[in-house]
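Heads up: the structure comes next, in structure tokens.
Since the structure is predicted, the reported quantities are computational estimates derived from the model, not experimental observations. In listed order, ligands and their atoms are each counted from 1. Quick note: numbers below take in every heavy atom, side chains included, and nothing from hydrogens, waters or symmetry partners.
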Amino acid sequence: GVPEVPVRPIAERRESRRIQVGPVPVGGGAPVSVQSMTTTRTSDIGATLQQIAELTASGCQIVRVACPTQDDADALPVIAKKSRIPVIADIHFQPKYVFAAIEAGCAAVRVNPGNIKKFDDQVKEIAKAAKDHGTPIRIGVNAGSLDRRLLQKYGKATPEALAESALWEASLFEEHDFRDIKISVKHNDPVVMVEAYRQLAAQCDYPLHLGVTEAGPAFQGTIKSAVAFGALLSQGIGDTIRVSLSAPPVEEIKVGIQILESLNLRRRGLEIVSCPSCGRAQVDVYKLAEEVTAGLTGMDVPLRVAVMGCVVNGPGEAREADLGVASGNGKGQIFVKGEVIKTVPESKIVETLIEEAMKIAEQMEKDGASG
Ligand code: SF4
């Protein structure tokens with residue numbers, strides 16, 4: 001019931017064909033979706049469904065599960081049925097699991113042509129099975145497992161090699177009149193990755209799944225992904241994203257959502273505009289910002305809350321926000337929509353901000369419900 005805030009995205013989206021990953025549209029102007037991958041053994045159905053439920057709660061829209069063994073393939077029908085978000089089976093090496101995943105009712109199947117031996121010979125049957133079940137295929141090329149022919153031709157996983165590999169595999173499917181495809185060309189170097197996607201975007205109209213592979217631990221991986229996705233999405237390239245972190249998958253979703261919100265590709269939720277603090281600060285800004293964030297987390301409203309350490313930039317920023325505080329002399333001036341509504345002692349700043357945020361949120365809900 002919260003009103004949509006009109007946002008101007010960072011760029012016009014590249015025109016791509018649309019595919020359906022279960023109920024989630026990908027490409028063709030659909031909102032950029034956020035995905036992740038489970039870390040449980042897929043054959044452990046309970047643990048996998050539990051993790052999928054956690055991912056769903058954190059905003060994950062599409063989830064991928066690995067399928068390296070027959071036990072994993074056997075688990076797919078139950079997982080695909082019980083998951084509340086579409087499940088993509090991730091297949092390397094074994095074409096027989098591709099068929100199993102399609103049969104199991106997975107919303108899509110990811111194949112890595114570089115890793116599936118004799119893949120080319122089986123494309124015809126895969127295309128037929130996928131078409132019969134309406135299952136899209138992601139052609140997921142990875143720098144670490146590039147087709148040997150292309151490795152020989154280019155010497156290493158260059159952007160050209162990655163794009164050529166993906167387009168070659170797509171062409172094999174096209175020969176069988178199958179175009180229900182999305183493509184990824186992942187590399188751990190954001191510069192190579194960005195260039196590979198740019199080349200791919202110029203040469204086809206398939207929707208693209210963005211990812212920096214093996215991006216690293218949370219801090220490094222977050223930055224690599226944000227920089228690479230930002231570079232591409234600011235040119236309209238990218239239809240679904242996966243942030244890869246050596247961290248729990250829920251963290252990947254948080255980062256992915258934040259990237260999309262930062263680029264106005266998704267309505268912003270709660271946004272804390274806090275100053276970095278400096279020698280002028282008259283309050284502990286870090287602590288205040290953390291307490292305000294903790295107090296407001298979970299409110300699903302597009303609220304900008306400014307937390308400023310002094311009155312130099314404070315009132316200006318606080319005025320730009322829906323709600324804000326500028327501190328000075330042991331007190332906090334509380335702003336709502338640009339007006340100082342009260343001045344409270346420092347000890348009351350957090351609770352006053354939370355109180356006022358609730359009031360604004362309620363009003364927004366009401367306006368949304370009536371409008
Ligand atoms: Fe420094 Fe004040 Fe700016 Fe915060 S708002 S960075 S305390 S000048």
For this session: With sequence neighbours left out, write down each residue that passes ring pair (Phe, Tyr, Trp, His ring centres under 6.0 Å) with F178, or none if nothing qualifies.
Result: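 Here the qualifying residues are F173.
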Check each atom of ligand 1 against the heavy atoms of [X] and keep those under 4.0 Å away; list them by number with element.
{"X": "R280", "result": "8 (S)"}
{"X": "A281", "result": "7 (S)"}
{"X": "G309", "result": "4 (Fe), 5 (S), 7 (S)"}

Exercise. Got a sec: is C310 within less than 2.8 Å of atom 1 (Fe) of ligand 1 via an N/O/S atom?
Worked result: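 No, C310 does not qualify, because none of its backbone or side-chain N, O or S atoms lies under 2.8 Å.
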Problem set entry | Backbone or side-chain N/O/S of C275 under 2.8 Å of atom 4 (Fe) of ligand 1 |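 Under 2.8 Å: C275 contacts atom 4 (Fe) of ligand 1 through an N, O or S atom.
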Exercise. Same cluster or not: are L232 and L200 linked, directly or through other Ile, Leu, Val, Met, Phe, Trp or Tyr residues, by side-chain heavy atoms under 4.5 angstrom apart?
Worked result: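 Hydrophobic grouping puts L232 with L200.
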Exercise. Are T48 and T40 linked by a side-chain donor-acceptor pair shorter than 3.5 Å?
Worked result: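 Looking only at side-chain atoms, T40 and T48 do form a donor-acceptor pair, the distance falling under 3.5 Å.
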Problem set entry | Between T38 and Q51, a side-chain donor and acceptor under 3.5 Å |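 No - no donor-acceptor pair under 3.5 Å links their side chains.
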Problem set entry | Proximity of A326 to ligand 1 by residue part, where a heavy atom lies under 4.0 Å |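 A326 to ligand 1: no contact under 4.0 Å from either part.
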Contacts table for residues 324-352: side-chain donor-acceptor under 3.5 angstrom, sequence neighbours left out:
{"from": "S327", "atom 1": "OG", "to": "M308", "atom 2": "O", "distance (Å)": "3.4"}
{"from": "K337", "atom 1": "NZ", "to": "D322", "atom 2": "OD1", "distance (Å)": "2.8"}
{"from": "T352", "atom 1": "OG1", "to": "K348", "atom 2": "O", "distance (Å)": "2.5"}

